[in-house]
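What follows is one structure encoded as structure tokens, with my remarks underneath.
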Amino acid sequence: MIYTCYNSSRERKMDRENNHNFKSQKEIYNFWQKLKIFPANSKTNKPKYSILLPPPNLTGELHLGHAMQHSILDAIARYKRLQGFDVLLLPGVDHAGIAFEETFDRELKKQNLSKTKLGMDQWLKKAWEFKDQIYKSVSVSWRMMGLCADWGREVFTLDEGPRQAVFHAFKTFYEDGFIYKGPYIVQWCPRCNTAIEDVEMEYEERKEKLYYVKYFLDQHPASGKSGTEHIVVATARTETIFADVAIAVHPASPFKKYVGRTAYIPVPLSPKGRQDHLGVIADERVDKNFGTGALKITPGHDALDYKIGLDNNLPIYHAVDKSGRMTELAGELKGLKVEEARVKAAELLGETYIEKTEEYIHSVPVCERCKTVIEPLISEEWFVKMDDLAKGAIKEIKAGMINFLPKNYSKILVDWLENIHDWCISRSLWWGHRIPVWYPSTSLRTSLSTRSARSLQQSSGQAGQVAGIKVSMESPGPGWIQDDQVLDTWFSSGLWPLSTLGWPHFVLQSRTSRGKPSIALATEGKPSDKKPSLDPDLEKYFPWDFEISAPEIKYLWIARMIMLSVYLTGQIPFKTMFFHGMLRDLQGRKFSKSLGNGIEPAYLINTWGIDATRMTLYSYSVPGRDGRVSKELFDERSKNFRNFATKIKNIAKFVLDLKPENSIQKLEFNHKDDRWIKLQLEKTIKKTTNDLEQVNLHLATEEIYNFVWHEFADIYIEKSKKRRLEAQPVLEYILKNILILLHPFMPFLTEEIYQRFNNKQKSILLDKWPVLNN
RNA sequence: GGGCACUUAGCUCAGCUGGUUAGAGCGACACGUUUACACCGUGUAGGUCGGGGGUUCGAAUCCCUCAGUGCCCACCA
């Protein structure tokens, strides 16, 4: 029971009106569901319009960005339905590998549980339960937003359909020689305990110390008679000195004269570890302006060093392991964390070896998810060669096959594609698509050692098929062991436009099987031809007409979808690609849980109603432009649109409820006011339609708002009071058109009022978008 | 270092394929309870459209330049 305190009888009246005379949103949503107007119908001869919902990550409730994205998609879908298209708005969710594990592990910690305590089987069981729990809240939010999606075709990225698609794509790339496995330098997150990609990192400015370390030549420090000749190297990472394998100097550096001589590692090494002498080499890739123009080469912990090491056939050592702690190589520092070891190593060096120390501000790469400092190291991972895939995508984009909104994203994507690196697709996680590769023995599965980079490159670095392994969804037989890594989430997300339509050869399952990976329908995965088709029933929806995304995942997701689709099907995945802006706080920061600056969509919906909240979101949906918002600003705007909703209710009350008796008149536009409002309506229809076609929803909503409030209500209705009986048909005509124009944006309110026009229980969604004859 | 945006009323932002007195919401101020609506109406104040230069009959809109802000990419020993 809720007790409300009213300040006046008027407020009480208002409240009654809002809560009782108007149907609940749930009632209206169920009405739509009952009429079955959301599902697409591939059998009709209507033209199709397909919209793909970007699957939200299953990491928690939907945030404001999702709300905006989904409101935009829903408006487009409803608009196209009104225009008579057979609309497919396909929803789904993403398993979001790293992000999900991060969230789930935090949840487990609360219960004093962990991956190691549970073991893989138990962990996965609980993970699926957790997934269901999150999914429920997402599912409720979608309906609360009014999303008119085809729920019967909903897909989860770990469903059987995507599983088939992932396998087929992997197999195709493998057979075409694009997939290779090998130990390479990768960006490693010690906290997530997996390799990640460059695009999954961000940089943080840090103030650290830059040490100028002396590497003495020829004279072994242990002999006690260190000479004076030395090379000074500036480094911020003293702890990696244990894994140094050479000193490289720029050819123009004063240290050039020492090339060919031998330097010594200036810290005590573990006795059984490794040799302590270093070659001095020349290399142009060393920045002669940084520090002293000399660089210590640590191929195990730096990408540039790795390349230089490769070219000079240098060995690789690891001073830091995958958990971010020092290895045996570091002797007494073994087991220390990197930051501690850095200080300790500097102490070990002491004044003898440190010439000077400088304060130094630089950007440190951190994991986008958990903000842990990234440790570049060598790990055995799977990669996809990207050159050919990128070329295909570039060709389509340059030919203008995809309509990017705003259009400059076309160039941004091409620039990235033209400088693409190979894609590390393996992740050391449990939540995801297991890599469909099988080994006859465990020894083949793990083969990393401290062999030289070159020999590694030669043994397993070639793209193409590796002897002895099998690519298969299911075990090839007893004794075979599956690769223990999973695929990068974006590998399955990249296939989203295909897997959602049943590619490669697979009829989509009904929702009942959602949530559990089924095995029954798995085939050997051997399609007859190279370019397998989509589900014949659903094929007509491909390519998708409309896709939407936040700009921040343009490379991770959008570029991948284009590359994979073009290569695997020969077609672009979508015709229009819309990038909305990012909602930020007043300081321009992204919304995030850790900053606590988020605004809950549920709060806005509860306070101002879904229709008003949607209108507010449209006002911020300027293509590609960020919006700065705060709770106060959002409230302010939403309040305005809530008032707008009330205004429309009152207009409806005036036009329909207070209809004069004997008002059955013919619709005629004889009076000059009638002709004027008709003209204004036509202008509004024209502009709104145009704005919708350009996906300028902020303009479309503003256009209707002005017409409704400042032309229809303020002017026409006021004037009509003098000639009410005569004007009644025009009032009704204008109102009905307003409802249709507004329906894509304020679906609940417009449906509710529309119902009062007739008793036939026809949904407004089945009406027609107004078309101008001239 | 490379690229892309943005800078318009007190605040948040539209408008920008050049063309009537530059708009909205909120905020401020003054009136008003005239039965659709006070979650309202009527009206007022508030802008040399970041600075400078140019093209043009005409520039918030196109070009150049300077300054500031933000974002993306690369690098960061």
Side-chain angles (χ1 to χ4, degrees), chain A residues 8 10-11 13-15 17-18 198-199 202-203 205-206 208 210-213 233-238 240-241 244 247-248 285-287 289-298 301-305 308 360-365 376 406 408-409 411-413 415-416 419 421 551-552 554-555 581-582 584 586-590 608-609 612 615-616 619-620 622 624-630 632-659 696 698-699 701-703 705-706 709-710 713-714 717-718 720-721 724 731 735:
Chain A
S8 67
R10 180 174 289 280
E11 275 185 35
K13 185 182 145 217
M14 297 283 307
D15 194 66
E17 219 162 73
N18 288 334
D198 291 359
V199 273
E202 52 190 41
Y203 290 85
E205 283 234 316
R206 297 254 173 114
E208 293 187 333
L210 188 63
Y211 300 93
Y212 286 74
V213 179
V233 173
T235 180
R237 300 205 58 187
T238 49
T240 63
I241 289 175
D244 284 353
I247 300 292
R285 284 167 287 189
V286 178
D287 183 351
N289 298 319
F290 187 91
T292 61
L295 178 64
K296 70 188 198 65
I297 300 300
T298 322
H301 295 294
D302 184 274
L304 174 63
D305 293 9
I308 293 175
Y360 171 54
I361 296 168
H362 66 148
S363 304
V364 178
N408 60 333
Y409 276 87
K411 190 181 174 301
I412 293 172
L413 284 177
D415 285 352
W416 185 75
N419 297 297
H421 303 294
E552 62 176 346
K554 55 188 179 289
Y555 306 130
M582 296 278 290
R584 298 171 180 282
L586 292 179
Q587 284 98 62
R589 299 175 304 182
K590 276 193 247 183
W608 307 112
M615 287 294 274
T616 304
S619 73
Y620 281 108
V622 187
R625 197 170 290 186
D626 291 356
R628 296 200 171 189
V629 296
S630 63
E632 289 70 28
L633 286 168
F634 240 89
D635 273 338
E636 193 178 88
R637 240 183 235 213
S638 302
K639 182 180 166 190
N640 177 239
F641 286 117
R642 190 274 319 263
N643 293 354
F644 179 58
T646 309
K647 187 81 184 176
I648 292 171
K649 287 177 193 172
N650 283 310
I651 290 172
K653 187 168 143 198
F654 176 77
V655 174
L656 299 175
D657 297 356
L658 304 179
K659 195 170 171 172
N696 281 321
H698 63 300
L699 297 180
T701 46
E702 194 189 328
E703 194 62 44
Y705 179 98
N706 281 331
W709 204 315
H710 301 302
D714 287 354
I717 290 183
E718 286 309 318
S720 78
K721 286 174 183 171
R724 180 67 199 269
L731 286 166
L735 175 60

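- For the pair A:Asp415 and A:Trp709, nearest-nucleotide mapping onto RNA chain B gives the more 5' position to A:Asp415.
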If you restrict it to nitrogen or oxygen atoms, what contacts under 3.5 Å exist between nucleotides 34-36 of chain B and the protein, and what is each distance?
| unit_1 | atom_1 | unit_2 | atom_2 | d |
| --- | --- | --- | --- | --- |
| B:A36 | OP1 | A:Lys721 | NZ | 3.3 |
| B:A36 | O2' | A:Asn650 | OD1 | 3.2 |
| B:A36 | N7 | A:Lys721 | NZ | 3.4 |
| B:A36 | N6 | A:Ala713 | O | 3.4 |
| B:A36 | N6 | A:Glu718 | OE2 | 3.0 |
| B:A36 | N3 | A:Asn650 | O | 3.3 |

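- A close approach under 4.0 Å does not occur between any side-chain nitrogen or oxygen of A:Asn408 and OP1 or OP2 of B:C4.
- At whole-Å resolution of the value, CG in A:Asn640 and P in B:C39 are 14 Å apart.
- Between A:His362 and B:A77 there is a side-chain N or O to OP1 or OP2 distance below 4.0 Å.
- Looking at every heavy atom in both residues, A:Arg237 comes nearest to A:His301 through NH1-O, 3.9 Å.
- Within 4.0 Å (heavy atoms only), A:Tyr360 reaches sugar-phosphate atoms of the nucleic acid but no base atom.
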Close N/O contacts between protein and nucleotides 67-72 of chain B (under 3.5 Å):
none

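- A close approach under 4.0 Å does not occur between any side-chain nitrogen or oxygen of A:His710 and OP1 or OP2 of B:A24.
- For the side chain to side chain contact (heavy atoms under 4.5 Å, CB included) test, residues two or more places apart in sequence or in another chain that qualify with A:Asn696 are A:Pro623, A:Asp691, A:Gln694, A:His698, A:Leu699.
- Where stacking is scored as ring centres under 5.5 Å apart with planes under 30°, A:Tyr705 does not register as stacked on the base of B:A24.
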Trace of the side chain to side chain donor-acceptor pair (under 3.5 Å) decision for A:Asn640 with A:Tyr705: CA-CA 11 Å; A:Asn640 177 239; A:Tyr705 179 98; 3.2 Å; yes
Nucleotide N/O to protein N/O under 3.5 Å, stretch nucleotides 17-22 of chain B:
none

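- Atom-to-atom, NZ of A:Lys649 to P of B:C37 comes out at 15 Å; the value is rounded to the nearest Å.
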Might you list the N or O atoms of the protein lying below 3.5 Å from N or O atoms in nucleotides 27-29 of chain B, with each pair's distance?
none

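- Taking atom CD of A:Glu702 as the reference point, atom C1' of B:C13 lies 10 Å away to the nearest angstrom.
- Taking atom CZ of residue A:Phe634 and atom P of nucleotide B:G25, one finds them 18 Å apart after rounding to whole Å.
- A:Phe644 comes within 4.0 angstrom of no nucleic acid atom, judged by non-hydrogen atoms across all strands.
- Using a 4.0 Å heavy-atom criterion, one finds that A:Thr235 contacts the sugar-phosphate atoms exclusively.
- In this structure, the CG atom of A:Leu633 is 12 Å from the P atom of B:C11, given to the nearest Å.
- Residue contacts shown for A:Tyr620 are limited to sugar-phosphate atoms, with no base heavy atom under 4.0 Å away.
- Here the C1' atom of nucleotide B:C16 and the CG atom of A:Leu699 are 12 Å apart, to the nearest Å.
- For the OP1/OP2 pair of B:C40 and a distance below 4.0 Å, the side-chain nitrogens and oxygens of A:Asn643 include at least one atom meeting the criterion.
- At the heavy-atom level, A:Leu295 lies under 4.0 Å from base atoms of the strands shown.
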Dot-bracket encoding of pairs in RNA chain B, which uses [ ] for pseudoknotted crossings and | for another strand, Watson-Crick or G-U under 3.5 angstrom: (((((((..((((.....[...)))).(((((.......))))).....(((((..]....))))))))))))....
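- When all heavy atoms of A:Ile651 and A:Ile717 are compared, the pair lying nearest together is CG2-CD1, 3.9 Å.
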